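Contents: one structure, followed by commentary.
The shown structure was predicted, so the numbers you read here are calculated from the model rather than taken from an experiment.
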Amino acid sequence: MGYIHCCGALHKTKTFMLVPHPNFTVCELDYLVKCPVCGNLVIQLTRINDKDELLTSRYVNLAARKFWQKVKSKILYEEKFIDYSKYKRGTFYLNYNEFGVKKRCYSNLSNLKIGINSTF
């Protein structure tokens, strides 16, 4: 998931991988449909050249719409990120420590009898 900095905050965007130009190794396009603050359409093109230099181009509103129409045919795929927090994890719990001794829970304070006054 890509982010675009607009109106003093980072906003989540759709990320597309583009066909790389011969001089570039990576071409990535971040597409923000509508900024929640200013309502602008924002597109940011990020490229890495052969010398590992990062080059970015940013387009807003009408320029972004024109650039989107020009670049739409060069999109390879959209990057989909998996949110692992939604998936269940295993519930297996090992009751032995690294020495092979069974773990004991000492946090059960209801079993402690310290400080109880006994009346006869």
Side-chain angles (χ1 to χ4, degrees):
M1 173 98 20
Y3 292 93
I4 288 182
H5 188 268
C6 184
C7 300
L10 290 174
H11 303 290
K12 290 183 182 180
T13 61
K14 290 183 178 180
T15 303
F16 299 97
M17 292 302 292
L18 301 177
V19 177
H21 192 268
N23 298 334
F24 297 100
T25 55
V26 176
C27 291
E28 187 175 285
L29 181 83
D30 292 319
Y31 183 80
L32 179 62
V33 178
K34 183 179 178 183
C35 175
V37 179
C38 62
N40 290 334
L41 168 70
V42 182
I43 292 178
Q44 183 172 331
L45 177 66
T46 306
R47 299 179 291 184
I48 300 175
N49 64 7
D50 299 332
K51 299 172 189 169
D52 290 335
E53 295 172 346
L54 185 68
L55 305 169
T56 60
S57 301
R58 184 183 172 103
Y59 302 95
V60 180
N61 286 337
L62 184 60
R65 286 187 183 90
K66 289 180 183 178
F67 183 73
W68 176 251
Q69 293 301 324
K70 189 167 73 171
V71 173
K72 196 186 290 188
S73 63
K74 297 179 182 178
I75 293 176
L76 291 176
Y77 59 90
E78 180 181 355
E79 288 185 6
K80 301 270 184 172
F81 294 96
I82 300 171
D83 186 12
Y84 289 104
S85 64
K86 295 179 183 176
Y87 296 103
K88 280 190 164 182
R89 294 181 184 88
T91 58
F92 176 75
Y93 179 74
L94 185 62
N95 289 325
Y96 294 90
N97 65 8
E98 62 270 13
F99 304 112
V101 179
K102 191 166 186 170
K103 293 180 185 178
R104 295 189 178 104
C105 179
Y106 295 103
S107 65
N108 190 357
L109 300 176
S110 63
N111 292 336
L112 293 177
K113 305 293 183 190
I114 298 173
I116 295 179
N117 293 335
S118 59
T119 56
F120 294 93

Quiz item: N61 and N40: side-chain donor and acceptor closer than 3.5 Å?
Solution: yes
Quiz item: CE/M17 to NZ/K74 distance, rounded to the nearest 0.5 angstrom?
Solution: 15.0 Å
Quiz item: Taking C-beta and beyond as the side chain, do W68 and R65 meet within less than 4.5 Å on heavy atoms?
Solution: no
Practice problem: Looking only at non-hydrogen atoms, find the nearest pair between C35 and H11 and report the distance. | Solution: SG-NE2, 3.8 Å
Quiz item: Taking the side chain as C-beta and beyond, is there a heavy-atom pair between E28 and R47 under 4.5 Å?
Solution: no
Quiz item: Linking I/L/V/M/F/W/Y whenever their side-chain heavy atoms sit closer than 4.5 Å, directly or via other members, would V42 and V37 fall into one cluster?
Solution: no
Quiz prompt | Verdict with supporting geometry, Y3 and K12, side-chain contact (heavy atoms from CB on, under 4.5 Å) | solution = CA-CA 5 Å; Y3 292 93; K12 290 183 182 180; 3.4 Å; yes
Self-check item: Approximate separation, where rounding is to 0.5 Å, of L55 CG and C27 SG
Solution: 9.5 Å
Quiz item: Taking a hydrophobic cluster as the set of Ile, Leu, Val, Met, Phe, Trp and Tyr residues connected by side-chain heavy atoms closer than 4.5 Å, whether directly or through intermediates, do Y59 and L18 fall within one such cluster?
Solution: yes
Quiz item: Do T15 and L29 have side-chain heavy atoms sitting under 4.5 Å apart?
Solution: no
Self-check item: Beyond-backbone contact of F16 with V71, side-chain heavy atoms, under 4.5 angstrom
Solution: no
Practice problem: Decide yes or no for I4 and R58: does some side-chain heavy atom of the first lie under 4.5 Å from some side-chain heavy atom of the second? | Solution: yes
Quiz item: Can you check whether N23 reaches N49 side chain to side chain, under 4.5 Å on heavy atoms?
Solution: no
Quiz item: Does one hydrophobic cluster hold both Y77 and I48, with members joined at side-chain heavy-atom distances below 4.5 Å?
Solution: yes
Exercise. Establish whether L41 and L45 are linked, either directly or via other cluster members, by ILVMFWY side-chain heavy-atom contacts under 4.5 Å.
Key: yes
Practice problem: Would you mind reporting whether I43 and Y31 have side-chain heavy atoms less than 4.5 Å apart? | Solution: yes
Self-check item: Atom pair CZ/NZ of F24 and K51 - distance to nearest 0.5 Å
Solution: 10.5 Å
